[in-house]
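Down below is the structure, laid out as structure tokens.
To find a chain, count down the sequence lines: A is the first, B the second, and so on, and within it residues start at 1.
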Amino acid sequence: MLLLIPLWYLAAAQATFIEPPHAVLAALPHFLSDPATWSNIGLTMARVVAGLSLGIVAGFVAAFVMSRSRFMGEVLGWYVIAALRTPSAIAAILALAIFKGSEAGYVLVVAFITFPYMAMGMRDGLNSADRELDEMSRIYHLGLLAQVRHVWAPFVAPYIFSALRNAHALAWKVIVVAEIFGAARAGFGAKFEHAWEYMVMIEVHLWLLVFMAIVLIAEYGLIRTLEKYTFRWRKEA
Amino acid sequence: MTDSVLRVEDLGVSYGASEAVRKLDFDIKRGEFVAILGPSGCGKSSMLNVISGLNAPSRGRVWVEGAKLFTAASKAPRLGYVFQSHRLLPWRTVRQNLEIALAASSVPKAEWEAKIDEILGILHIRQFKDAWPMRLSGGQRQRVSIARALVVDPSYILMDEPLSTLDEVTARSLRQELTGIVQRTGVTVIFVTHSIREAVFLADRILILSRGPARLHEDFTVPLSRPRNYDDPRISEIEGQIIAGVQAPWGLGGQRDVA
Ligand SMILES: Nc1ncnc2c1ncn2[C@@H]1O[C@H](COP(=O)(O)OP(=O)(O)OP(=O)(O)O)[C@@H](O)[C@H]1O
Ligand SMILES: [Mg+2]
């Protein structure tokens with residue numbers, strides 16, 4: 001990470017739009033203590049969390065239906081592939097056109113983009129389910145609930161986590177695109193766009209920095225910690 | 001009431017046109033240790049799948065403790081099963097693996113703790129109560145698997161080559177211990193193996209099956225008192241008799257290795 005700083009200096013010296021790190025650093029305290037910064041970030045974060053949650057739930061339902069019925073598997077499979085192949089910018093524009101910049105639009109864009117990842121991941125998990133453990137569950141008369149809790153859920157957990165990491169990274173990207181295209185009045189994307197348009201380069205840098213920090217914290221602080229806890233039974237752990 | 005724990009009559013198992021078990025009749029009494037011997041592919045697992053309640057047979061009848069299986073009203077039997085591989089839930093601790101089996105049986109919750117402690121003690125793995133299965137050795141895992149089978153108060157325990165994946169030293173000590181565990185708990189065991197010597201050492205009775213589709217070739221009572229010694233020359237002698245007896249029905253060309 002620290003290696004990036006000399007690079008940054010070098011870039012600042014070459015390009016007119018890149019400010020040197022010390023100038024950005026100097027502006028950081030004021031930026032961070034401004035409540036408006038946090039309300040904008042909070043809004044974007046809320047959109048990501050709501051959209052991602054919706055995407056996860058939709059993905060689970062889709063995967064479950066796909067694994068249960070061949071026909072639905074085929075039908076939903078096409079939808080999932082189509083959603084997977086839709087460029088996120090196009091999905092963003094479509095959703096915003098349909099929902100006219102309402103809050104639901106932002107949430108749905110994130111949900112639409114993340115759900116196929118969750119669906120595919122979970123379906124792969126369910127398809128590879130362990131026949132031996134299923135047999136054991138039947139012999140010891142585990143009920144459906146116990147089976148879901150003790151056998152299936154832990155079994156598909158690795159698939160879900162790898163899907164979640166993809167979906168999470170994508171959610172942050174697409175929400176920014178949506179906020180910019182959707183001409184949102186508030187949120188990270190809106191502020192970034194605003195600063196860019198008025199050429200307040202220091203602020204552009206600040207928004208970028210904070211954004212990256214938050215995505216990294218979410219990934220490493222939250223998802224990886226949760227993952228570590230979930231897989232604490234593993235041999236190497 | 002007899003003290004018959006498992007009775008099988010005229011059992012047949014087919015997969016489509018191919019027949020795995022042709023005609024089996026046997027009766028197993030409470031507390032008996034019965035080994036099942038048969039050449040590879042003769043239909044032993046197919047038979048176990050029926051007496052474990054997993055698959056209905058194509059033909060015949062099965063009773064567990066006097067209750068007929070595979071009728072509309074029948075409940076699946078309460079039993080323990082020790083598989084070739086341990087089949088523990090790797091993401092649950094030893095204690096949780098036992099608790100999950102207990103929760104699915106009708107043992108009252110108040111008795112769990114004491115039961116788990118007792119069984120883990122018998123198997124000498126009480127110190128691993130809160131360990132993750134993946135951190136245990138193969139032999140220790142198989143002990144947990146045996147503990148899980150015992151803890152549910154089963155009508156009988158099915159064991160399908162439970163020692164075959166262990167190294168010989170571990171298998172030897174666990175085999176030796178198994179006889180003690182069975183005596184202490186009085187549990188009924190049905191034990192499938194490819195090792196004639198193991199069958200003679202462990203069992204009160206050996207059901208020798210024919211080549212597939214399986215029929216009963218011989219119902220052999222082991223003429224040895226307990227405790228037994230695995231290296232006892234009398235075991236070798238009986239092993240030799242059995243091998244001589246199965247040459248023809250198993251289609252062996254005189255080689256000793258039946259697996
Ligand atoms: N689900 C199945 N569908 C079709 N055929 C099967 C099935 N299960 C077993 N068979 C066949 O039935 C026969 C008996 O198989 P089974 O697994 O019961 O033998 P086994 O005695 O347990 O063999 P091993 O000693 O190798 O474990 C074999 O010919 C096998 O190919
Ligand atoms: Mg078998």
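Using a 4.5 Å cut-off between heavy atoms, B/R92 touches chain A through its side chain atoms alone. Only the backbone of B/P77 comes within contact range of chain A, with heavy atoms under 4.5 Å apart. Proximity to chain A (any heavy atom under 4.5 Å) is restricted, for B/S85, to the side chain, taken from C-beta onward. Of the two parts of B/L88, only the backbone, made up of N, CA, C and O, holds a non-hydrogen atom closer than 4.5 Å to a non-hydrogen atom of chain A.
Between A/F115 and A/F112, the ring-plane angle classifies as tilted under the 30° and 60° cut-offs. Using the six-membered ring where Trp is involved, A/H205 and A/W8 have ring planes that are parallel, under 30° apart on the 30 and 60° scheme.
No close placement of the A/F192 and A/F211 rings is indicated, their centers lying 6.0 Å or farther apart.
For B/K115 and B/D153, the salt-bridge test passes: some basic side-chain N is under 4.0 Å from an acidic carboxylate O. Ionic pairing of B/R30 and B/E65 is present here: one or more N-O contacts between side-chain nitrogen and carboxylate oxygen are shorter than 4.0 angstrom.
Contacts with chain A were tallied for B/A104, B/A131, B/A149; B/A104 has the most, counting heavy-atom pairs under 4.5 Å. The residue among B/Q96, B/R78, B/R87 with the most heavy atom pairs within less than 4.5 Å of chain A is B/R87.
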